[in-house]
Trainee: 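Below are the structure tokens for one structure; questions will follow.
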Amino acid sequence: MDKYTACVWPRLEPFLIGVLPATPPSKLSMHYLRKMACYVRTRDGCFPRLGWHMWRHIACGKLQLAEELAWLYFETFDLLMPHSAEQRLEWAEALSQCHTPKELDRQRCKLSVDTLQFLLFLYLQQLNRISLRTSLIGEEWPSPRSRSPSSSSERDPKISSQNKNWDDQAHVTFIQTHLSELLELLVEPGQLSSSGQVLRDSQLTSEALESLSLLLEGSVSHSRTVHPIHKLLSRSPLQSQAGFSKLSRSYSLQQFQGFLHQALCLNPFGMSTCSESGKKLAWALQVEGTLKKAKIFRNTHMAPPGSRLLLMSQVCKQTLAKDSEKLNNANIKLHRCSEAFIYLLSPLRSMTLDKCRNSTVVLGPVGTSVHIQSCENVRVVCVAGRLTVGGSSHCTIHALTPTRPLLFPGNVSLTLGPFHTHYPTLEDHMASVGLAVVPNLWDQPLLFGAEGSATDTGCYRIQPHSEFYPLVIPFQMEGDNCEIPWGLPADYQKAVESREKTIEDWQKTVKEAHLNKVQRRQFQALVEQKFHEWLLETGQRQELDRLLPPALTPSTSVDHWPSSHTSNSGPTVLKEQPPEQAMGRAPTVC
């Protein structure tokens, strides 16, 4: 094989984190993006960086999109950018100081994005379009009357149960099929004909190639070193293959396109490869029954940043807990898990729950997005840069998030509540991914519609105070945090204090009854009997039984996740604790 043969593949994160898992607005079709690409190069304040003020002008004034939808795309793109944790914390602090819409808008106007990369990002939204050939051709810019979609598919922006955000084969197919249009967005207006078509001798500048690194990366021959596309082509032999001219310091568009078609391949760190050859996390106890089909794979031992994956599939009737550097900044997918309790208490990059049911998932801080797709009766507790939910029913989400929770079509009976738990290293983990306590918009969801936000709020409710109970993470860990660092919203805090007062009054009443020893034993037995009846009726007994730690042997590998489907064995524990601490206990008679 040629020493300088290149392999190029689509980066995972622009598709996984950047593409919204729903049908995009019709105004983001190639017809209008082509016009936007010409427009931004001829207006001040639009190129090479596009500020919020000018993007809002284009999105709302030209494309007739709602302002909140324009901000959604702008904010999502910025979430995808490799800002440091310190930069994200500074931005969060600036937003928390905004007390009026005018102050908020003034702060947003300080944000700008790479113009060419943003155009590519907008085009990527076509990934989940039901029909990629659908586009509106006609007027120069859409008129206000055209904001009312005519087709049923546009009126109902469907959430596909088979969305392609994780599908690395779909990513390759998308790039191969639409490469010419993606490159067209990057060429200068002078390289286009009067009809807007790319000329045969068009050139691609080095700056445009650098913008393409948002989507593509690769390596030379069998090298393990991964480079963004513009650095990969810094090698002279590859530059020649890609059509680089030293005279013009640019690439022949036609030759460059041919080079990419030949070099394009499947992401070697994608989900397909991870499932087939990733490192399998074995069970310490392999038993027959519900766990026989469970699979946990990871590539975190070999993948570069941005491509670290962990797949947990078909974990059923089990409690799993993990606090490990192997999870740090990983993109995690929970697939078809049922009747499970899963605690992943590490700083994560992204999290997807797909087709899970009757489960509880507690997460460490997630730097980008938590996406809940096609789930039923799932409880999720998270701190996340963004929360999105689509096609799910009877789910409860307790979240802290600086962005508005995004609700796609197909949701039924969702409950949104405040983040209500803690563990000793929570604040340190939040700081490491750049998430702050404020702003916190958990109770201000945005319903995603075809051309803006929807108005039907019947798919969700804010959790009533009467139903709110804090969550206690039942493991011992090392660290300083012993309470929710920022406390609870005032109304929820009052509800908790009211229940604590009720317990104190009950204990006082028992104490003042002056029961003798026989009466105390009888009363204690009655209380315990009622308590255990409540545990069985509510299903809490099963969860508590699974918290009994298994007998860990010296031969247990650090990569083993101890497991059993029997009620006498416990979870993968963060740190072993005495069985009496894991067992549920009835209230003690004072």
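Positions are given from 1, in the same order as the sequence printed here.
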Trainee: Look up atom CG in L111 and atom CH2 in W91, then write down how far apart they are to the nearest 0.5 Å.
Mentor: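 One gets 4.5 Å once the value is rounded to the nearest 0.5 Å.
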
Trainee: Measuring from atom OG1 of T352 to atom CG of L16, what distance do you get when rounded to the nearest 0.5 angstrom?
Mentor: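 Here the interatomic distance stands at 5.5 Å.
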
Trainee: Nearest heavy-atom pair of T403 and G385: which atoms, and what distance?
Mentor: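 Here T403 and G385 meet closest at OG1-O, 2.8 Å.
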
Trainee: To the nearest 0.5 Å, how far apart are CZ in F297 and OG in S313?
Mentor: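 Output value for this atom pair is 8.5 Å.
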
Trainee: Of all the heavy-atom pairs spanning W442 and A399, show the shortest one and how long it is.
Mentor: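 In terms of heavy atoms, the two residues are closest at CB-O, 3.2 Å.
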
Trainee: Assess the side chains of E533 and Q529: does a donor N or O sit below 3.5 Å from an acceptor N or O?
Mentor: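 Yes, a side-chain donor-acceptor pair sits under 3.5 Å.
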
Trainee: With heavy-atom distances below 4.5 Å as the criterion, would you say the side chains of H398 and T421 are in contact?
Mentor: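 A side-chain contact is absent here, since even the closest heavy-atom pair is not under 4.5 Å.
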
Trainee: Quick check against the 3.5 Å criterion: does T368 have a side-chain atom that pairs as donor or acceptor with the backbone of R349?
Mentor: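 It does hold such a pair.
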
Trainee: State, yes or no, whether a side-chain contact exists between L80 and L214 at a heavy-atom distance under 4.5 Å.
Mentor: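 They are in side-chain contact.
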
Trainee: If you define the side chain from C-beta out and look only at heavy atoms, does anything of P365 sit under 4.5 Å from L426?
Mentor: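 When only atoms from C-beta onward are counted, L426 and P365 do touch, with a gap below 4.5 Å.
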
Trainee: Using modelled atom types and a 3.5 Å cut-off, is there a donor and acceptor pairing between side-chain atoms of R308 and backbone atoms of T300?
Mentor: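 Between the backbone of T300 and the side chain of R308 there is a qualifying donor-acceptor contact (under 3.5 Å).
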
Trainee: Just checking, is any N or O donor in the side chain of S350 or N331 under 3.5 Å from an acceptor N or O on the other one?
Mentor: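 On atom types as modelled, these side chains qualify, holding a pair under 3.5 Å.
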
Trainee: Taking it one step at a time, do I332 and L363 satisfy side-chain contact (heavy atoms from CB on, under 4.5 Å)?
Mentor: CA-CA 11 Å; I332 300 180; L363 304 173; over 6 Å; no

Trainee: Under 4.5 Å between any side-chain heavy atoms of S307 and E217, yes or no?
Mentor: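 SC-SC contact between S307 and E217 confirmed.
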
Trainee: With a 4.5 Å limit on heavy-atom distance, are the side chains of N267 and H171 in contact?
Mentor: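 Side chain of N267 against side chain of H171, heavy atoms only: no contact under 4.5 Å found.
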
Trainee: Kindly say whether P464 contributes a backbone atom to a donor-acceptor pair with the side chain of E467 at under 3.5 angstrom?
Mentor: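 Not a single qualifying donor-acceptor pair exists.
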
Trainee: Look at the side chain of S498 and the backbone N and O of V496, then say whether any donor-acceptor pair between them is shorter than 3.5 Å.
Mentor: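 No; judged by distance alone, with no hydrogens or angles, the pair does not exist.
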
Trainee: Nearest 0.5 Å, please: how far is SG in C274 from CG in L310?
Mentor: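 With rounding to 0.5 Å, CG (L310) is 7.5 Å from SG (C274).
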
Trainee: Mind checking the CE-NZ spacing from M351 to K333? Nearest 0.5 Å is all I need.
Mentor: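 Rounded to the nearest 0.5 Å, the CE-NZ separation comes out at 12.0 Å.
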
Trainee: Between S359 and A340, is there a donor-acceptor pair closer than 3.5 Å when you use the side chain of the first and the backbone of the second?
Mentor: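 Yes.
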
Trainee: Using a 4.5 Å cut-off on heavy atoms from C-beta on, say whether the side chain of H422 contacts that of I473.
Mentor: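 Side chain of I473 against side chain of H422, heavy atoms only: no contact under 4.5 Å found.
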
Trainee: For L20, does its backbone N or O pair with a side-chain atom of Q125 as donor and acceptor, under 3.5 Å?
Mentor: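 Pair found, side chain donor or acceptor close to backbone of L20.
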
Trainee: If you apply the rule side-chain contact (heavy atoms from CB on, under 4.5 Å), what do you find for F121 with V113, and how did you get there?
Mentor: CA-CA 11 Å; F121 162 81; V113 298; over 6 Å; no

Trainee: Can you see which heavy atom on L406 is nearest to which on F408, and at what distance?
Mentor: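 Reported closest heavy-atom pair: CD2-CZ, 3.5 Å.
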
Trainee: List the atom of N299, the atom of L309, and the distance in Å for their closest heavy-atom pair.
Mentor: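 Heavy atoms of N299 and L309 come nearest at OD1-N, 2.7 Å.
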
Trainee: More than 12 non-hydrogen atoms from neighbouring residues, nucleotides or ligands closer than 6.0 Å to CZ on R88, yes or no?
Mentor: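 Buried by this count: over 12 neighbours within 6.0 Å.
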
Trainee: For Q87, look at atom CD and say whether over 12 heavy atoms of other residues, nucleotides or ligands are found less than 6.0 Å away.
Mentor: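 Yes, because the 6.0 Å sphere around CD of Q87 holds more than 12 heavy atoms from other groups.
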
Trainee: Run the numbers on L348 and L327 for side-chain contact (heavy atoms from CB on, under 4.5 Å), then give the verdict.
Mentor: CA-CA 7 Å; L348 310 175; L327 301 182; 4.1 Å; yes

Trainee: Whether the side chain of N128 engages the backbone of V19 through a donor-acceptor N/O pair (distance < 3.5 Å, no angle test) should be reported.
Mentor: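 Pair absent, no side-chain N/O of N128 close to backbone of V19.
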
Trainee: Will you find, in the side chains of Q107 and E103, an N or O donor that is under 3.5 Å from an N or O acceptor?
Mentor: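 Side chains of Q107 and E103: no pair found under 3.5 Å.
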
Trainee: Are the side chains of W506 and V510 in contact, using a 4.5 Å heavy-atom criterion?
Mentor: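 Side-chain contact under 4.5 Å: yes.
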
Trainee: Does atom CG of D480 have more than 12 heavy-atom neighbours, drawn from other residues, nucleotides or ligands, at distances under 6.0 Å?
Mentor: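 Counting other residues, nucleotides and ligands, CG of D480 stays at 12 neighbours or fewer.
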
Trainee: Check whether the ring centres of H465 and Y492 lie less than 6.0 Å apart, and answer yes or no.
Mentor: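 Yes - the distance between ring centres of H465 and Y492 falls below the 6.0 Å cut-off.
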
Trainee: Say whether, by atom type as modelled, one donor and one acceptor occur between the side chain of S392 and the main chain of S374 under 3.5 angstrom.
Mentor: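 Here the side-chain-to-backbone pair exists.
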
Trainee: Would you mind telling me which of N358, D354, I342, L320 makes a side-chain contact (heavy atoms from CB on, under 4.5 Å) with C337?
Mentor: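 Testing each of N358, D354, I342, L320 against C337, the sole residue satisfying side-chain contact (heavy atoms from CB on, under 4.5 Å) is I342.
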
Trainee: Quick one: pull up NE2 in H394 and CG in L414 and give me the separation to the nearest 0.5 Å.
Mentor: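 Reported to 0.5 Å precision, the distance equals 9.5 Å.
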
Trainee: Can you name the nearest heavy-atom pair linking T273 to D168, along with the distance?
Mentor: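 Closest heavy-atom pair between T273 and D168: N-OD2, 4.4 Å.
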
Trainee: Side chains of T415 and R461 only: does a donor on one sit below 3.5 Å from an acceptor on the other?
Mentor: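 The answer is yes; a qualifying pair exists.
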
Trainee: Given the ring of F74, does R108 sit roughly above its face, with NZ or CZ under 6.0 Å from the centre of the six-membered ring and within 45° of the axis?
Mentor: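 R108 over F74 ring: no.
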
Trainee: Does any N or O in the side chain of R357 come within less than 3.5 Å of the main-chain N or O of C375, such that one atom is a donor and the other an acceptor?
Mentor: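 Between the backbone of C375 and the side chain of R357 there is no qualifying donor-acceptor contact (under 3.5 Å).
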
Trainee: Any chance you could lay out the side-chain contact (heavy atoms from CB on, under 4.5 Å) test for F419 and V383, step after step, and finish with the verdict?
Mentor: CA-CA 7 Å; F419 186 80; V383 179; 3.6 Å; yes

Trainee: Less than 4.5 Å apart, any side-chain heavy atom of I372 and any of V378?
Mentor: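 Side chain of I372 against side chain of V378, heavy atoms only: no contact under 4.5 Å found.
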
Trainee: How far apart are the closest heavy atoms of M271 and L311, and which atoms are they?
Mentor: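 The pair with the smallest heavy-atom distance is SD-CD2, 3.8 Å.
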
Trainee: Between Y423 and H429 (judged by ring centroids, cut-off 6.0 Å), do the two rings come close enough to count as a pair?
Mentor: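 Yes, close enough.
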
Trainee: Do the side-chain N and O atoms of T388 and H371 include a donor-acceptor pair separated by under 3.5 angstrom?
Mentor: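 A pair is found: one side chain offers a donor N or O, the other an acceptor, under 3.5 Å apart.
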
Trainee: State whether the side chain of D323 and the backbone N or O of S346 hold a donor-acceptor pair below 3.5 Å, judged by distance alone.
Mentor: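 Absent.
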
